[in-house]
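Everything below concerns the one structure shown next.
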Amino acid sequence: MLYDNLSINEKGHLTIGGADVADLAAEYGTPLYVLDEDVVRRNCRTYVKAMHENFGPDAAPLYASKALSFKGIYPIVESEGMCVDVVSPGEIYTALAAGFPAAKMFFHGTNKTDEDIEYGVKSGVGYFVVDNLNELEVLDRVCGECGVVQKVLLRLTCGLDPHTLEAINTGRVDSQFGVPIDTGQADDFVRAALACENIQVDGFHSHVGSQIFESDSFIRQAEILTSYAAKMRDEAGLVLKALNIGGGFGVRYTEADPAIDIAARIEEVANHMKAACREHGLDLPTVYMEPGRSIVADAGVTLYRTGGIKEVKGYRNYVTVDGGMTDNPRYALYKSAYTVINASKAGEPANFECTIAGRCCESGDRIAEGIRIAEPARGDVIAVLSTGAYNYSMASNYNRIPRPAMVIIKEGSASLAVRRESFEDLIKNEL
Ligand SMILES: *Cc1c(COP(=O)(O)O)cnc(C)c1O
């Protein structure tokens, strides 16, 4: 099995966190998102422990909640000592509704509207991660009106492309996120922020990308940001108190993806960052990282039931399921690979080659192509692994398909965390 929380029981059914997925499908219906809370907690602990050990007790991982935002996730990550990254007033609202403290929120977003900025300030978010000069001006004004001094990190781009490290100073300077160091524009951004009366500049934020398996890009980024902080200390009087080096550690979607030792990677990054700080005569700042996918992806499984199973003679077999791009658009968007199991026959050999297609009237509605599962019959439960991240949070109602329910598994038993949408939900805002 791809993950150690998955197993096969005496009925030949797949189990997740000890729960039989055929029972879950029967009780809660399909499609169904299943989230193993123990795995989420284990992932949080890996980050919290490694960051405390290597960066000191003030360091913290932020859970990037865009990966999976619903009320139930926030108390879990909070109790594990995580802060959160929120990218919209909707995520702030959800986290607040779940009782998550605003002071532990970092408010991201490349286009925060004036209303968003006011909402963030009035909510009392701990940090704004300021993306650009326009945002800075509005934030300073709103904070003045509210009588608040807002802590901020300035979002910078380091000119790194995580997948082609040699191509430094090319593609990634050209980004809609943050302000580039390489073009000199970050200097003006930092000076402008330092001059704002109602803003306290604690440091920088930078995020290189996603599905990263090595530490190189984090190390390069830490080096670039510390050296830049030293330059701005000398030229503009910046005092670096905090550094957020972003998220992006990869997860295993299939056996082809490597397993990654996150604690060891964090130690490597910390060693380089400490050395860079020494070299530039800087105190080690409070370090933040922002994992999203690597907190929740491997904790999630999506269950479907098979409908039509058809062979297009001379071409391939199609297995259609009762969900698809509406609950998981990642194959349609990025051709993302997934591990798929016939969970009703998990003990049988996976020798039926097929394409898993969704139920939408859309030829791109697929979950996987050219995979092998145990020979399916109509009504079998199909499990798609590693769907905890960027599935529920990216779901839509295309074709007027209600979003699935979500259950959380804790110590082997399931409880409903998100109700299945009803047809009334589909039309409730329509006049
Ligand atoms: C998406 C994102 C993350 C999380 O990325 P993962 O690949 O899910 O770890 C963190 N920080 C920022 C700014 C992001 O945009």
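Whatever order the structure lists them in is the order used to number ligands and atoms, beginning at 1. Predicted, not measured: the structure shown is a model, and the values here were computed from it.
- For Phe107 and Tyr127, the ring centers are positioned 6.0 Å apart or more.
- Within the structure, salt bridge (charged side-chain N to carboxylate O under 4.0 Å, His left out) contacts touching residues 265-277 (residues at least two apart or in different chains) are Arg265-Glu268.
- Residue-environment remark: CZ (Arg419) stays at or below the threshold of 12 foreign heavy atoms within 6.0 Å.
- Judged by distance alone, the side chains of Tyr390 and Ser336 never bring a donor and an acceptor atom under 3.5 Å apart.
- Protein residues having at least one heavy atom under 4.0 Å from any atom of ligand 1 are Ala64, Lys66, Asp85, His108, Arg155, His205, His207, Ser210, Gly247, Gly248, Glu290, Pro291, Gly292, Arg293, Tyr390, listed by chain and number.
- The residues Arg252 and Glu255 are annotated as salt-bridged, a charged nitrogen and a carboxylate oxygen being separated by less than 4.0 angstrom.
- Remark: the backbone N or O of Arg359 is paired with a side-chain donor or acceptor of Asp365 at under 3.5 angstrom.
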